[in-house]
Amino acid sequence: MKRAVVCGAGGFIAHHLVRRLKKEGYWVRGVDIKNPEYGPTAADEFCLLDLREEQNGLKAVCVGGRPADEVYQLAADMGGMGFIHSAECEIMRNSALINIHMINSAATLGVKRFFFSSSVCIYRDMQPGEPELTEADAFPALPDNEYGWEKLYAERMALAFARRYGLVARIARFQNCYGPEGTWRGGREKAPAATCRKVAEVKNGGTIEVWGDGSAVRSYTYVDDMVDGIWRVMHSNLEGAVNIGSPEYVTVDELVETVRQISGKKFKVRHIKGPVGVLSRNFSNERIYSLGWQPRFQLWDGMARTYPWILSQVELVRKMEKLRG
Ligand code: NAD
């Protein structure tokens with residue numbers, strides 16, 4: 001039985017990834033600084049470790065005295081645009097420490113395959129209607145935020161360690177990912193979850209606030225599709241980074257409209273100033289398509305699964321607050 005270590009398994013994407021690895025017949029160790037928030041892990045073993053500590057990186061990847069067969073590094077000090085803009089120093093320090101220790105531990109202990117979760121935040125800003133950027137267009141580099149710079153450094157570090165130590169490093173650059181069991185409140189939530197929460201909370205006829213003028217273009221990838229992409233990239237022969245993201249690009253206003261229709265609610269939208277991030281996105285998916293990957297979920301289908309889950313969370317919180325008086 002293959003043994004996998006999934007770092008960040010207390011968080012959103014890695015929690016789903018653990019389930020997939022179990023379905024594929026792996027023995028799985030989840031690692032995180034916190035337990036999963038929204039339900040029990042599917043992992044065989046779950047270790048609470050702060051991966052900013054070098055010793056914990058070594059502990060994480062060593063299973064029964066031997067290096068794990070595969071390490072998936074998804075742990076990060078992470079959040080949506082609000083968090084990325086307000087916590088630059090935390091992101092650059094904490095995520096860099098985690099990434100430094102994880103690739104160093106995996107390489108020096110003899111792990112065979114290492115996956116690193118990068119982001120399309122490593123790319124420069126784009127104008128609406130610009131032709132696709134390929135993975136190679138990451139250079140010359142001009143990420144829009146410090147989160148992107150940290151990811152770019154970690155990508156290069158993973159590749160350097162792979163060259164020196166002979167481990168296979170696989171890197172995916174995720175577009176926005178959404179789905180049930182992701183952060184939906186507290187300041188780290190991303191646009192799809194924040195929109196669902198605002199719509200779930202608003203009274204019929206009320207108003208929700210949306211950062212920016214609603215014209216920013218993004219694509220959103222349902223978590224099952226993202227996990228399938230991770231699986232394929234990890235077991236592929238593709239050297240270097242691979243974009244994973246739905247080719248369905250929408251404006252922020254279109255995202256809100258999708259959630260409005262799914263909810264069946266009537267409400268107004270007020271655009272307010274806020275950290276929107278880049279103007280537009282458009283990325284080539286040729287590399288991930290070459291692995292037979294295609295997104296199975298259109299935005300509507302994924303949101304129709306995500307909104308009810310966030311609505312249930314909002315209702316649960318309301319009930320608990322009522323009980324507390
Ligand atoms: P998440 O915040 O839900 O999960 C990250 C996990 O890392 C959290 O559970 C957190 O507790 C853990 N972590 C943070 N500091 C730690 C530490 N010191 N030691 C151990 N664990 C620690 O985020 P996610 O959305 O699941 O993202 C997973 C990965 O994918 C991240 O690397 C993120 O940067 C990347 N990514 C995500 C998206 C997205 O849209 N969700 C987009 C691009 C890239």
Side-chain angles (χ1 to χ4, degrees), residues 5-18 29-38 41 43 46-57 59-61 72-81 83-84 87 90-103 105 115-123 143-155 158 171-194 218-223 225-227 229-230 233 241-246 277-278 281 283 302 306:
V5 169
V6 179
C7 304
F12 172 43
I13 303 174
H15 180 66
H16 288 266
L17 174 63
V18 167
R29 170 188 286 166
V31 182
D32 204 294
I33 201 168
K34 66 167 174 71
N35 281 306
E37 231 169 295
Y38 307 112
T41 180
F46 197 90
C47 302
L48 286 175
L49 293 171
D50 183 345
L51 296 173
R52 290 171 299 183
E53 304 291 334
E54 187 172 10
Q55 282 310 312
N56 288 342
K59 263 190 213 164
V61 303
Y72 295 79
Q73 190 345 50
L74 284 87
D77 203 356
M78 156 73 185
M81 269 306 140
F83 181 75
I84 284 178
E90 291 80 357
I91 290 169
M92 293 191 94
R93 176 178 186 274
N94 296 335
S95 294
L97 283 172
I98 296 169
N99 285 323
I100 287 166
H101 295 322
M102 288 319 302
I103 186 64
S105 302
F115 175 89
F116 174 59
S117 55
S118 186
S119 162
V120 294
C121 280
I122 64 95
Y123 293 105
D144 181 63
N145 51 56
E146 306 303 351
Y147 168 76
W149 282 106
E150 191 283 325
K151 287 286 189 199
L152 204 52
Y153 172 74
E155 280 189 11
I171 297 170
R173 293 176 181 158
F174 301 169
Q175 298 225 39
N176 283 287
C177 181
Y178 71 98
E181 298 175 285
T183 303
W184 61 276
R185 64 171 180 164
R188 287 179 186 250
E189 62 278 19
K190 306 192 113 205
R218 301 281 182 278
S219 102
Y220 302 98
T221 304
Y222 189 64
V223 65
D225 285 330
M226 189 60 81
V227 164
I230 294 171
V233 169
V242 181
N243 296 331
I244 305 180
S246 159
V278 292
R281 272 14 203 135
F283 299 114
T306 307

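Numbers here are sequence positions counted from 1. Both counts, for ligands and for their atoms, begin at 1 and track the order of listing.
- D32 OD1, 2.7 Å is the protein heavy atom nearest to atom 11 (O) of ligand 1.
- In summary, the side chains of Y147 and D77 do not present any donor paired with an acceptor at a separation below 3.5 Å, with no hydrogens or angles considered.
- The K190 neighbourhood of ligand 1 comprises atoms 38 (C), 39 (C), 40 (O), 41 (N), 42 (C), with distances under 4.0 Å to a heavy atom of that residue.
- Checked by distance only, ligand 1 and A14 stay at 3.5 Å or farther apart across all their nitrogen or oxygen atoms.
- Counting protein heavy atoms only, atom 3 (O) of ligand 1 is closest to F12 N, 2.9 Å.
- Each of the following atoms of ligand 1 lies closer than 4.0 Å to a heavy atom of N176: 40 (O).
- Looking at every heavy atom in both residues, T221 comes nearest to I244 through OG1-O, 4.5 Å.
- Compare N35, I13, L51 by their heavy atoms: the one nearest to atom 19 (N) of ligand 1 is in L51.
- Of all heavy-atom pairs between E53 and H101, the closest is C-CD2, 3.8 Å.
- Heavy-atom proximity to L49, at under 4.0 Å, picks out these atoms of ligand 1: 19 (N), 20 (C).
- Near Y147, the atoms of ligand 1 lying under 4.0 angstrom from a non-hydrogen atom of the residue are 33 (C), 34 (O), 35 (C), 36 (N), 43 (C), 44 (C).
- Nearest protein heavy-atom neighbour of atom 15 (N) of ligand 1: I98 CD1, 3.6 Å.
- Ligand-side atoms of ligand 1 in range of D50: 17 (C), 18 (N), 19 (N), range being under 4.0 angstrom from any heavy atom.
- Of the possible donor and acceptor atoms, one in the side chain of N145 sits under 3.5 Å from a partner among the backbone N and O of G148.
- The side-chain heavy atoms of Q175 and C177, taken from C-beta on, include no pair separated by under 4.5 Å.
- For ligand 1, the polar-atom distance check finds an N/O of S117 within less than 3.5 Å of one of the ligand's N/O atoms.
- Nearest protein neighbour of atom 21 (N) of ligand 1, counting heavy atoms only, is I33 N, 3.3 Å.
- For A76, a nitrogen or oxygen atom sits less than 3.5 Å from a nitrogen or oxygen atom of ligand 1, counting backbone and side chain alike.
- For V31, the closest heavy-atom approach to ligand 1 does not fall below 4.0 Å.
- Under a 4.0 angstrom heavy-atom cut-off, M226 registers as lying outside contact with ligand 1.
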Would E181 and H15 count as a side chain to side chain donor-acceptor pair (under 3.5 Å) here? Give the steps.
CA-CA 8 Å; E181 298 175 285; H15 180 66; 3.3 Å; yes
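- What sits closest to atom 31 (C) of ligand 1 on the protein, heavy atoms only, is L74 O, 3.3 Å.
- Of all heavy-atom pairs between P36 and F46, the closest is CD-CZ, 3.7 Å.
- In this structure, CD1 on I84 lies 6.0 Å from CE on M78, to the nearest 0.5 angstrom.
- Between M78 and ligand 1, no pair of N/O atoms sits closer than 3.5 Å.
- Under the 4.0 angstrom criterion for non-hydrogen atoms, K151 is in contact with ligand 1.
- For ligand 1, none of its N or O atoms has an N or O atom of F174 under 3.5 Å away.
- Heavy atoms of S118 come nearer than 4.0 angstrom to ligand 1 in at least one pair.
- Each of the following atoms of ligand 1 lies closer than 4.0 Å to a heavy atom of G11: 3 (O), 4 (O), 8 (C), 9 (O).
- For atom 40 (O) of ligand 1, the closest non-hydrogen atom on the protein side is C177 N, 2.7 Å.
- Between A75 and ligand 1, no N or O atom pair is found at a separation short of 3.5 Å.
- Within the 4.0 Å heavy-atom shell around ligand 1 one does not find N94.
- Taking all atoms of both residues into account, the shortest heavy-atom contact from D32 to A9 is OD2-N, 3.5 Å.
- Between Y72 and F115, the ring planes lie tilted relative to each other; the angle falls in the 30° to 60° range.
- Judged by distance alone, the side chain of Q73 and the main-chain N or O of A75 form a donor-acceptor pair under 3.5 Å.
- Electrostatic pairing of E155 and R173 counts as a salt bridge here, judged by a charged N lying under 4.0 Å from a carboxylate O.
- Shown here for G79 and K190, the closest heavy-atom pair between the two residues is O-CE, 3.8 Å.
- Between F174 and I230 there is a side-chain heavy-atom pair separated by less than 4.5 Å.
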